[in-house]
Number of protein chains: 2
Amino acid sequence: MPELTSIHKKFIHHWGEMGTRWGISRSGAQIHALLYISPGALNAEEIAATLSIARSNVSNSIKELQSWGLVKTIHVIGDRKDRFETMEDVWEMFRVVMDGRKRREVDPTVIMLEECVGEIRKSADGDRYTRERLEALQEFFATATDWYEQTRGLSISSFRKLAGMAGWVMKALKFDRKKA
Amino acid sequence: MPELTSIHKKFIHHWGEMGTRWGISRSGAQIHALLYISPGALNAEEIAATLSIARSNVSNSIKELQSWGLVKTIHVIGDRKDRFETMEDVWEMFRVVMDGRKRREVDPTVIMLEECVGEIRKSADGDRYTRERLEALQEFFATATDWYEQTRGLSISSFRKLAGMAGWVMKALKFDRKKA
DNA sequence: CTGTAATTTCAGAATATTCTGAAATATAAG
DNA sequence: CTTATATTTCAGAATATTCTGAAATTACAG
């Protein structure tokens, strides 16, 4: 993918911007976008040249992407350069990102809430309102993580079916639906 | 909530850090945390004093939170100062954040993909692989937004039931489950 | 109106993040 | 081992974001 068309550029730039909102650096997300639309694995030099970024930036960003589990290294015999590729399956890609975000954001928050609620229960001075609020958050996170574990193994088609069920459940059984 | 205990501080600081990963500034997220654990609505001066941040920062951050729909203004008769509060319901809070993120991140991406795929179809030069990849992304986003619309109105208890169904579906019907 | 309190705006300071390029290190063929 | 090439490290530059404080604006009681 040495020559980028305007469509390639558009996609890569947008993906780069979006990546920053998902905790991935712009360069990292751009590299991911490039690998995603590249038919074959690319080496670091090719990536740096194609995206006009420093070779070292590629190295660091690849490491970042690998820490997310989004990129893996390919060794081609007769080629000393490492090559990199990303998964084709979008659903798997999404799951990998979700797992990473859970690990980095949700899990530490759950720990923090446990610690806070634990302390507040010990102190027993009657900070009732704070305790209520933190326990409500705890319950939410418990439900959310439980939910995530129940569903993260579903294939995309199963997930579609589950959405269908939700709509059906809401309509046919007149389950409680929040306004709007 | 003028005097913060160490538990309050711990929660507020953690929430502030997490907020930055969700596209909300540290100050904004800290204000949100403070309002969340405050039994009553607070005015801007109280917030600034409690969190040791500039009065103008409170003003801007409140505006940011209001753009998310996370904070609303309360007018108390006989008090010229605006007071602010946030919703108690965690589930609603989560939904509000999800709506905001969808609006800011998913919707523009869907548009970008439409534009790219549209152009690539017109050009018809045979960039088959890129087209395939972008269409795969499109399909994923279509499923995801459809799913979100189907389920965003569910109450937390319905959602719990849905998770139960998912587990049941996976086990009892031996639906396809991806490895790991 | 007038005066005072409240709020907002905004330019620049402070901070945080990302990126570069040169130097150091690692890898492997000969 | 030696030499070529490939990769990583890292200090500081470049960039982006957030925050502050003073000035401008708004709101409203008297």
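Letters A, B, ... are given to chains in the order of the sequence lines, protein chains preceding strands, and every chain is numbered from 1.
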- Query: Should the pair B/R131 and B/Y129 be classed as cation-pi, given the thresholds of under 6.0 Å to the six-membered ring centre and 45° from the axis?
  - Reply: no

- Task: Please determine if A/R101 forms a cation-pi arrangement with B/W22, meaning its NZ or CZ atom is less than 6.0 Å from the six-membered ring centre and no more than 45° off the ring axis.
- Result: yes

- Could you tell me which nucleotide pairs with D/dC1 by Watson-Crick or G-U wobble geometry, both distances under 3.5 Å, or answer none if nothing does?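 C/dG30 is the nucleotide pairing with D/dC1.
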
- Query: In the structure shown, which nucleotide is the Watson-Crick or G-U wobble counterpart of D/dT7, with both distances under 3.5 Å?
  - Reply: C/dA24

Starting at atom [atom1] of [X], determine the distance to atom [atom2] of [N], rounded to an integer number of angstrom.
{"X": "B/D82", "N": "C/dA6", "atom1": "CG", "atom2": "C1'", "answer": "8 Å"}
{"X": "A/I77", "N": "C/dA28", "atom1": "CD1", "atom2": "P", "answer": "15 Å"}
{"X": "A/I47", "N": "D/dT7", "atom1": "CD1", "atom2": "P", "answer": "10 Å"}
{"X": "A/N43", "N": "D/dA6", "atom1": "CG", "atom2": "C1'", "answer": "10 Å"}
{"X": "B/I62", "N": "C/dA6", "atom1": "CD1", "atom2": "C1'", "answer": "14 Å"}
{"X": "B/E64", "N": "C/dT8", "atom1": "CD", "atom2": "C1'", "answer": "16 Å"}
{"X": "A/F84", "N": "D/dT7", "atom1": "CZ", "atom2": "P", "answer": "6 Å"}
{"X": "A/E46", "N": "D/dT5", "atom1": "CD", "atom2": "P", "answer": "17 Å"}

- Looking at the angle O4'-C1'-N9-C4 for a purine or O4'-C1'-N1-C2 for a pyrimidine, is D/dA4 syn or anti, with syn meaning within 90° of 0?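 Nucleotide D/dA4 adopts syn.
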
- Task: Could you pull out all residues at least two apart from B/W68 that satisfy ring-ring contact (aromatic ring centres under 6.0 Å, His included)?
- Result: none

- Message: A/T73 vs A/Q66, test: side-chain hydrogen bond (donor to acceptor under 3.5 Å, both in side chains). Steps then yes/no.
- Response: CA-CA 9 Å; A/T73 306; A/Q66 281 173 330; 2.8 Å; yes

- Determine, for A/R95 against A/D99, whether the closest basic-nitrogen to carboxylate-oxygen distance falls under 4.0 angstrom. no

- Task: Specify whether B/W15 and A/F141 have parallel, tilted or perpendicular ring planes, treating 30° as the upper limit for parallel and 60° as the lower limit for perpendicular.
- Result: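 B/W15 vs A/F141 ring planes: perpendicular.
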
- Under 4.0 angstrom between B/K63 side-chain N/O and C/dT9 OP1 or OP2: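 So the side chain of B/K63 is within the cut-off, an N or O lying under 4.0 Å from OP1 or OP2 of C/dT9.
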
- Task: Summarise protein proximity over nucleotides 17-29 of chain D in one line of letters, 5' to 3': B for base, S for sugar-phosphate only, - for none, counting protein heavy atoms closer than 4.0 Å.
- Result: --SBB-----B--

- Item | Per A/S59 side chain, nearest of listed nucleotides D/dT8, C/dA6, C/dT7 | D/dT8

- Straight-line distance of B/L51 CG to B/L34 CG, nearest 0.5 Å: 5.0 Å

